Amino acid sequence: MKYFIIIGVASSLLAGCGPSAPDAELTKTSQTPGETVAKPAIDAVDTFHKALTDGNSKQALALLADDVLIYESGGAETSKADYAAHHLEADMAFLKGVRQNVSARAAQVSGDVAWVTSQGETTGTYKDKAIDSASTETMVLRQRDGQWKIVHIHLSSADKKPKSPAP
């Protein structure tokens, strides 16, 4: 089952964008000292997720490097054009009906490279199917011409196992 955000985003996604639609909310945890240094890269990740949630494909694509490599559910998209042609619209549709909660996040910068890792949960409904999944996301960014561009995304999500009733 392929879900990008985010989503799986968090999802699918999961790297902390603010709520933009009533049923597509994301909650962030507080930042660590390392994240303060990485704030511009974190902001790029957040803006990417918000653009997807808002259905703003132009803004989302502007944050991706042309040669971005996206891994999700054992598959790969090897460029911005590949992503735009295959999963961009589905990712935006998915994010309209779910809520993402980031429970843990870390970020670091080394020179012109940054990485932002997130863990969280995605809940809601997509195509009449209940979504209740745990997810992890890693985004690697490179600063090019003074702007952070996403060069790699690795997403993983799995349905949460139902809790066993107490004896």
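Keep in mind that this is a model prediction, so the values were computed, not measured.
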Looking only at heavy atoms, which two atoms of [X] and [Y] are closest? And how far apart?
{"X": "Ala134", "Y": "Lys160", "value": "N-CG, 3.9 Å"}
{"X": "Gly120", "Y": "Ser103", "value": "CA-OG, 3.7 Å"}
{"X": "Thr122", "Y": "Ser135", "value": "OG1-OG, 4.0 Å"}
{"X": "Ala107", "Y": "Ala38", "value": "CB-CB, 3.7 Å"}
{"X": "Lys96", "Y": "Thr53", "value": "NZ-O, 4.1 Å"}

What is the distance from atom [atom1] of [X] to atom [atom2] of [Y], rounded to the nearest 0.5 Å?
{"X": "Ser57", "Y": "Met92", "atom1": "OG", "atom2": "CE", "result": "4.5 Å"}
{"X": "Lys149", "Y": "Leu63", "atom1": "NZ", "atom2": "CG", "result": "6.5 Å"}
{"X": "Gln108", "Y": "Trp115", "atom1": "CD", "atom2": "CH2", "result": "5.0 Å"}
{"X": "Asn101", "Y": "Gln119", "atom1": "CG", "atom2": "CD", "result": "11.5 Å"}
{"X": "Thr47", "Y": "Gln59", "atom1": "OG1", "atom2": "CD", "result": "6.0 Å"}
{"X": "Asp91", "Y": "Ile70", "atom1": "CG", "atom2": "CD1", "result": "8.0 Å"}

Salt bridge (Lys or Arg N to Asp or Glu O under 4.0 Å) between Asp43 and Lys39, intermediate numbers included: CA-CA 6 Å; Asp43 289 346; Lys39 185 170 179 356; 3.0 Å; yes
Is [Y] reachable from [X] through a run of I, L, V, M, F, W or Y residues, each pair having side-chain heavy atoms under 4.5 Å apart?
{"X": "Tyr126", "Y": "Leu52", "result": "yes"}
{"X": "Leu64", "Y": "Val140", "result": "no"}
{"X": "Leu69", "Y": "Leu61", "result": "no"}

Can you find a heavy atom in the side chain of [X] that is under 4.5 Å from one in the side chain of [Y]?
{"X": "Phe48", "Y": "Ile153", "answer": "yes"}
{"X": "Val68", "Y": "Val151", "answer": "no"}
{"X": "Val45", "Y": "Arg105", "answer": "yes"}
{"X": "Thr136", "Y": "Ser156", "answer": "yes"}
{"X": "Val109", "Y": "Trp148", "answer": "yes"}

Could you tell me whether a side-chain N or O of His87 sits under 3.5 Å from a main-chain N or O of Tyr83, the two making a donor and an acceptor? no
Check whether Thr125 reaches the backbone of Asp128 with its side chain - one donor and one acceptor, N or O, closer than 3.5 Å.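 Absent.
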Any carboxylate oxygen within less than 4.0 angstrom of a Lys/Arg side-chain nitrogen, looking at Asp132 and Arg99?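 The answer is no: the pair does not qualify as a salt bridge.
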Apply side-chain contact (heavy atoms from CB on, under 4.5 Å) to the pair Glu77 and His86, showing each step before the final yes or no. CA-CA 8 Å; Glu77 292 173 317; His86 295 105; 3.2 Å; yes
Report the relative orientation of the aromatic rings in His152 and Tyr71; use parallel for angles under 30°, tilted for 30 to 60°, perpendicular for over 60°.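 Correct class here is perpendicular.
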Mind checking salt bridge (charged side-chain N to carboxylate O under 4.0 Å, His left out) for Asp112 and listing every partner two or more places apart, or none if nothing turns up?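 For Asp112 the salt bridge (charged side-chain N to carboxylate O under 4.0 Å, His left out) partners, ignoring immediate neighbours, are Arg142.
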When you compare the side chains of Glu137 and His154, does any donor N or O come within less than 3.5 Å of an acceptor on the partner? no
Evaluate side-chain contact (heavy atoms from CB on, under 4.5 Å) for Asp67 paired with Lys80, printing each intermediate quantity in order. CA-CA 6 Å; Asp67 59 348; Lys80 179 180 0 186; over 6 Å; no
